[in-house]
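Note that the coordinates shown come from a computational prediction; the quantities given were computed from them, not determined experimentally. Convention: sequence-line order gives letters A, B, ...; per-chain numbering from 1.
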Amino acid sequence: MTEFLQGLLSNINPYILQIIVNIGIGIVLALGLNVITGLTGQLSLGHAAFMSVGAFTSALLTIKLGMPITLNLLVTGAVTALVGALIGYPILRLTGDYLAICTLGFAEIVKVVFLNLDITNRALGLSVPPANSAIPMPFVVWGVAILAIILVSFVYNSRFGRALKAIRGDEIAAEAMGINVARYKVQSFALGTFLAGVGGGLYAHFISYINPSDFGFLKSIDILSMIVLGGLGSIPGAVIGAGVLSAAPEFLRFMANYRMLVYGALLVFMMLFRPNGLMGGVNFTDMVLRALGRKPHLKTVLQNREVGK
Amino acid sequence: MKKVTALLLAGMLAFGAAGCKKKEGGEAAKAAGDTIKIGFLGALTGDVAMFGKPTLEGMKMAAEELNAAGGINGKKIEIVEADNRGDKQEGASVTQKLISRDNVVAIVGDPTTGITKVAAPIAQKAGVVLLSAGATGPGVVENGDFIFRNTLLDSVAIPACIDFFAKDLGYKKVAVVTSDNNDYSVGLSQTFRDAAKGKGIEIVADEKVKDGDKDFSAQITNIKAKKPDVIFYSGYYTEAALMMKEARKQGLKANIFGGDGLFSPKLIELGGTAVEGAMSALGFSPEQATPETAKFIEAFKKKFNGAEPGLFDAQGYDGVMMVADAIKRANSADPKVFKGELAKTKNFKGVSGTITIRDNREPIKSPLALLEVKGGKFVLKNKVPVKMD
């Protein structure tokens, strides 16, 4: 089994494989933030901090215990979710800018804590040994990414997901409808940070060396850009956003030093022409069904309606 | 209307950039065939571009010199560059690209320990030589027999200097300052503390700062109260210069001493008279230079309008020269073959010092140069021999 999968990978150019794995990790991270910011409407600027909690937890589980990667990622996710819930409990009472500033502050605290803990080797960071797994890492990353997509899709259409959407729409109205806003917010924060932790664990094992300075404010903004570009609250949007922004720095490489300038320009134009993001306000399932001819095209629906009149 | 104009501008920009690059690509393609490709790994944009850019400059100078002399074994050297912005994920991608797309035989860089640690397992697995021109931290060459570096190691430099300090200069009380968000600084301070044990040196203060700090008044006040003979700062020149300005303002007379992180013309530029007497331990000296170093400094000044070369220029230059030397001796550009010769490098007359690769593949540079700022210039204070064991 292992050899067969390894054989499959050896057919892919390692450079392309690297980008594909980066996209997979990006998807897990973006989906996590999409639950918090996209679905529940709580702006978090500290997603990278939760990613670093996950990365260090996961690295330490491998270094100290040699835990198999699947169990490792589950424990990592749970630890990160616990941290997320503990942080979320007090700060989710805030809204808007205040919450954003709080998450920003939390991210700084996490960084400083890791820079001063002996177990995380201070600023020297940790070298992470290869994951304890029979399956090659790229498959693990994409397996987790697909599971994350399924999990978040499931949440979207559940009672829990509808409650979160109600909170995003109007907190007071949601509360009036009997939704326990505080509890649901903390739960959504825990779910989002669970995915951030798992993403961090994948990052740590794939990159093989982590340092507290890797998970700064800019990393949080990178993840936020992914979901804003894709369309806030849209799962296919988060996936596409993560794909585009993880791959863009490499595909733009032919432009040499202009590359990050063009990358920035891309974001600006995206926001000018599609302020809701690539997939914002698009019903992906309907779109696919229509493209497959399983559902009548919108135009035909409207025409039929005209005729019906 | 605005949107259209903006779109046009973006389009022009993109095409312009693409156009520029195409020309270079054409030239490179022409030269291919009989070339040996050496990859550059480092940041050309972003926070750590100050290390990446000079490394690349040095590498290009080395390649030009080698090519002007007819190349190695009749083949021209080509430097393949790619920016990694100091980002680890991108560092990994760039390493993969250099190896699998550009088919380089060796990679010189990254100047920082972090990305070198990310790139090393990739290069080792692919069987390509990686020579870091700047990584000083632990856990680099341990990645395997394709991994090298040509920097002066702190664990070698600091103990040698401490002996000189304790015996010749009579320093007894030292204040240690660490930049705790800088891996180089945290590692170097630890090395200093370990090396100071049993040498009759007392660490009277242990202060922490951060890279990017501007105000050091609290730390200097604490240090001043302890009356140290010298301040040991393990970080970089920017903070060192500002720290010394504050020290002089508060009337603290002690001088600052540090590793090669302090060696930069910028230290004097920023610190002015406050950094007079500052000391830095280095693998080479611009004064009383070896013929190789003198030649390099002269060539560099000619090329960059009189600018003095820094440490990273020299290390990037040496990186390419060491690889070229190994290829020449092995008479093969196959990394699996010339890595053995690279490991046997002995008394290599580099511009950043005389380099010997020891059995554990760690480099050693001897003698060390202890430089001191005097009259707004780095001058040689003492040459400190390093024990070879």
Side-chain angles (χ1 to χ4, degrees), chain A residues 12-23 25-26 55 111-112 114-116 121-130 203-204 206-216 218-219 222 246-247 249-266 268-269 272-273, chain B residues 2-3 6-7 9-10 13-14 16-18 20-22 24-25 44-46 81-85 87-101 113-122 125-126 137-139 142-143 178-187 190 208 210-211:
Chain A
I12 309 173
N13 180 301
Y15 176 45
I16 303 293
L17 190 65
Q18 181 88 29
I19 299 173
I20 291 174
V21 174
N22 281 348
I23 293 174
I25 296 173
K111 203 165 103 186
V112 172
F114 283 147
L115 279 172
N116 286 288
N121 210 2
R122 298 173 192 269
L124 296 175
L126 288 175
S127 284
V128 189
Y203 173 91
F206 189 62
I207 291 294
S208 82
Y209 171 73
I210 49 171
N211 186 305
S213 313
D214 300 351
F215 308 97
L218 285 177
K219 193 93 196 169
D222 273 350
S246 303
E250 293 306 320
F251 286 126
L252 294 174
R253 201 166 275 292
F254 70 93
M255 294 183 186
N257 291 346
Y258 294 97
R259 142 181 102 99
M260 292 326 282
L261 197 129
V262 175
Y263 175 96
L266 270 181
V268 171
F269 287 115
L272 274 176
F273 289 103
Chain B
K2 260 186 199 159
K3 281 182 186 175
L7 200 67
L9 269 172
L13 204 74
C20 295
K21 199 61 205 167
K22 227 175 237 163
E24 284 174 36
L44 297 173
T45 57
E81 56 179 278
D83 173 31
N84 66 25
R85 285 192 297 145
D87 181 272
K88 293 205 172 67
Q89 250 172 322
E90 247 182 65
S93 303
V94 166
T95 312
Q96 296 280 21
K97 174 187 168 290
L98 289 172
I99 293 170
S100 65
R101 278 281 163 92
T113 306
I115 293 179
T116 305
K117 280 189 180 177
V118 171
I122 300 172
K125 207 174 148 205
E142 285 87 334
N143 277 294
T178 313
S179 171
D180 71 0
N181 61 347
N182 177 337
D183 52 352
Y184 162 76
S185 177
V186 173
Q190 195 48 51
K208 279 178 181 170
K210 274 188 173 32
D211 276 12

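- Contacts between B:Ala82 and chain A at a heavy-atom distance below 4.5 Å involve backbone atoms as well as side-chain atoms.
- Taking A:Gln18 as the reference, B:Gln96 meet the side-chain hydrogen bond (donor to acceptor under 3.5 Å, both in side chains) condition, with sequence neighbours excluded.
- Two residues are said to be in side-chain contact when any heavy atoms from C-beta on lie closer than 4.5 Å; A:Leu124 and B:Gln190 fail this criterion.
- The CD atom of B:Glu90 sits 5.0 Å away from the CZ atom of A:Arg253 when rounded to the nearest 0.5 Å.
- If you take OG on A:Ser208 and CG on B:Asn143, they are separated by 7.0 Å, rounding to the nearest 0.5 Å.
- The CZ atom of A:Phe206 lies 15.0 Å from the NZ atom of B:Lys88; values are rounded to the nearest 0.5 Å.
- Taking CG of A:Leu218 as the start and CG of B:Asp87 as the end, the distance is 10.0 Å to the nearest 0.5 Å.
- In this structure, CD1 on A:Ile207 lies 7.0 Å from CD1 on B:Ile122, to the nearest 0.5 angstrom.
- For the pair A:Ile16 and B:Arg101, the minimum side-chain heavy-atom distance is below 4.5 Å.
- The part of A:Tyr203 that comes within reach of chain B is its side chain, from C-beta onward, which places non-hydrogen atoms under 4.5 angstrom from that chain.
- Using a 4.5 Å cut-off on side-chain heavy atoms (C-beta onward), B:Ser93 and A:Asn22 make contact.
- For B:Lys210, the side-chain contact (heavy atoms from CB on, under 4.5 Å) partners two or more places apart in sequence, or in a different chain, are A:Val112, B:Asp180, B:Asn181, B:Asp213.
- In plain terms, the two heavy atoms of A:Ala123 and B:Val186 that are nearest each other are CB-CG2, 3.5 Å.
- Of the atoms belonging to A:Asn121, not a single heavy atom falls under 4.5 Å from chain B.
- Only the side chain of A:Lys219 comes within contact range of chain B, with at least one heavy atom under 4.5 Å from a heavy atom of that chain.
- Atom CG of B:Leu44 is separated from atom CE of A:Met260 by 13.0 Å, given to the nearest 0.5 angstrom.
- Put simply, the side chain of B:Arg85 reaches to within 4.5 Å of the side chain of A:Pro249, judged on heavy atoms.
- Here the closest heavy-atom approach between residue B:Ser100 and residue A:Tyr15 is recorded as OG-CB, 3.5 Å.
- Using a 4.5 Å heavy-atom cutoff, the side chains of A:Asn211 and B:Lys117 are not in contact.
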